Amino acid sequence: YEEQRIAALTVASSVENPWEADLVFAVGGGALAKAVDAAATSALVEKSKPLSLELPLGTSAKLVPSLKVTRAKLSPADACESCLHFDIEVEGRVDWTLGALGGSFPAGVEVGGAVELGVENGTRVVARPYRVGKVVMKAQDLGGLRANPSSIVQDFVRKAVGEALPPIPIVDLAATGLPIRDMRLKTDKDTARIEVLTNVPGARPATVGIPDSEMILLGISETALAGLLRRSAFEQGPVYMDTAIDPQAISVAGNVFKLNLRLWRLVGTGWWRDYEIAGSLTVTDNKIALTPTTVVESGQSAGAELVDPLAALFETQILAGIADSLQRSLPAATKQNVAGVGLKAIAKEVRGEAGTLVIEGEVRVITGKE
């Protein structure tokens, strides 16, 4: 038991390059585009103020733009390794006054640029403006205004999107409680990938595909999951009838998991019993659960007594604790200022595939007012 305890509590600290992630978040481009849409609209509203359009003879007209984003689209970008190109369409109207005169005209602005995934405080992943390229205003009927307002309106939009756009929170790994050894950010087509190396020694890579446009996939390898289960169990020590639980390995296939569990008796002469426990992976009311259902004994030491392994599991709450950690690993609302936005993922499905426990979530955009 002591040898196994030392092994289970060992934390990997060194990082060999190249490394492969055993925990992966993949966020669909449609979800990120919705967040860019909401953030850009918030920035346009927050920065909206009267603009002064200089006219001949020392006069000036006052322009008040009322604009919002009607479409945002992301695509691959080579501006940086973790960048995505955006095309934004802005529409609305501009009210103008000149002395006793006034009017209004419809305005449309096309904006192109790039957003970059970045890390704040070592664990918080955000998307922020990387650069703003083309800004083109489209307006035919100026509502009686006898001057070209394109330049001033374009500058307003460029500053709002390029300077006032708030960081868009994707996920805060500090809130998950999951151990991080290293982390990197990538873009794949229009998908953002957050790849994590946990501090579980010897964990194999997680296999996570490309999510649907407005979905997120969270994948953790079976070996990393087993390492976290063992660590949590050995940190608790003996808890049930003077026995300690040792979840030695876990495998997942579809909505079924199998757990190899050893119970250690640590008083008297001591003994151990091995079990294979099968159970279900479910999402109920957006909550993830790993529920053990059946038990088959697979081995024992001399003098081993009978102990209910399911009762031991339920009392220690190891599976529930891991499910809660994974639940909190889905991107959650992060409050910003009044113009801030964030992503909130609602768990829809959990499954095992290719040696990886995968959680699929539907992404919704929330604003700072929600």
Side-chain angles (χ1 to χ4, degrees), residues 17-19 21 23-44 46-47 69 71-90 109-135 157-175 180 182-197 208 210-211 213-218 331-337 339-345 363 365-368:
N17 286 310
W19 55 266
L23 176 65
V24 177
F25 305 83
V27 186
L32 292 172
K34 287 168 62 177
V36 171
D37 180 324
T41 294
S42 295
L44 289 168
E46 183 181 3
K47 292 300 179 181
V69 176
R71 186 184 72 91
K73 181 180 179 181
L74 298 182
S75 57
D78 56 8
C80 68
E81 185 179 7
S82 60
C83 281
L84 289 168
H85 178 80
F86 66 78
D87 287 297
I88 296 175
E89 291 184 1
V90 177
V109 182
E110 294 181 353
V111 187
V115 291
E116 178 186 18
L117 297 182
V119 179
E120 295 180 347
N121 301 323
T123 59
R124 186 168 178 266
V125 180
V126 300
R128 60 171 70 92
Y130 181 77
R131 70 183 180 200
V132 176
K134 69 167 186 176
V135 180
V157 173
R158 179 179 287 106
K159 289 182 179 179
V161 174
E163 299 175 9
L165 191 72
I168 304 167
I170 307 300
V171 64
D172 188 351
L173 297 178
I180 303 171
D182 205 350
M183 178 172 60
R184 63 189 172 215
L185 309 175
K186 291 184 177 180
T187 54
D188 180 8
K189 296 182 179 179
D190 62 348
T191 300
R193 292 179 67 89
I194 304 161
E195 299 186 345
V196 177
L197 180 65
V208 178
I210 298 176
S213 180
E214 295 185 5
M215 305 293 283
I216 183 172
L217 296 178
L218 163 61
T334 304
K335 290 186 177 180
Q336 298 281 311
N337 54 40
V341 298
L343 301 180
K344 184 174 184 179
V363 177
V365 176
I366 62 167
T367 67

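Note that the coordinates shown come from a computational prediction; the quantities given were computed from them, not determined experimentally. The basis for the numbers below is simple: all heavy atoms, side chains too, and nothing from hydrogens, waters or symmetry mates.
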Measure the CD1-NZ distance between Ile216 and Lys344 for me, rounded to the nearest 0.5 Å. 14.0 Å
Does CD belonging to Glu81 count more than 12 external heavy atoms closer than 6.0 Å? no
Could you pull out the closest heavy-atom pair between Ala43 and Ala160, with the gap in Å? CB-O, 3.5 Å
Going from CZ on Arg184 to CH2 on Trp19, what distance comes out if it is rounded to the nearest 0.5 angstrom? 4.0 Å
Any side-chain heavy-atom pair from Lys134 and Asp87 closer than 4.5 angstrom? yes
Min side-chain heavy-atom separation Ile168-Val126 under 4.5 Å: no
Nearest heavy-atom neighbours spanning Gly122 and Met183: O-CE, 3.6 Å
For Leu117, does its backbone N or O pair with a side-chain atom of Ser82 as donor and acceptor, under 3.5 Å? yes
Nearest heavy-atom contact between Arg128 and Gly118 is NH1-CA, 3.6 Å
Reported CD1-to-CG distance for the pair Ile88 and Leu74, which is rounded to 0.5 angstrom: 8.5 Å
Which pair of non-hydrogen atoms, one from Gly28 and one from Pro211, has the smallest distance, and what is that distance? N-CG, 3.6 Å
Kindly check if the number of other-residue, nucleotide or ligand heavy atoms within 6.0 Å of CZ (Arg71) is above 12? yes
Could you tell me the separation between the CD atom of Glu214 and the NZ atom of Lys34, rounded to the nearest 0.5 Å? 4.0 Å
Can you tell if the side chain of Leu23 reaches within under 4.5 Å of the side chain of Leu218, non-hydrogen atoms only? yes
Would you name the heavy atoms of Gly113 and His85 that are closest together and state the gap between them? O-ND1, 2.9 Å
Let's go through Arg193 and Val208 carefully: what are the C-alpha distance in whole Å and the side-chain angles of both, what is the deciding distance for side chain to side chain contact (heavy atoms under 4.5 Å, CB included) to 0.1 Å, and is it a yes or a no? CA-CA 10 Å; Arg193 292 179 67 89; Val208 178; 4.3 Å; yes
Heavy-atom check, side chain of Phe86 versus side chain of Val111, under 4.5 Å: yes
Would you compute the distance between atom OG1 of Thr191 and atom NZ of Lys186 and round it to the nearest 0.5 angstrom? 13.5 Å
What distance separates Ile170 CD1 from Leu32 CG, expressed to the nearest 0.5 Å? 5.0 Å
Donor-acceptor contact below 3.5 Å, side chain Thr123 vs main chain Leu173: no
All heavy atoms of Glu116 vs all of Cys83, minimum pair found to be CB-SG, 3.8 Å
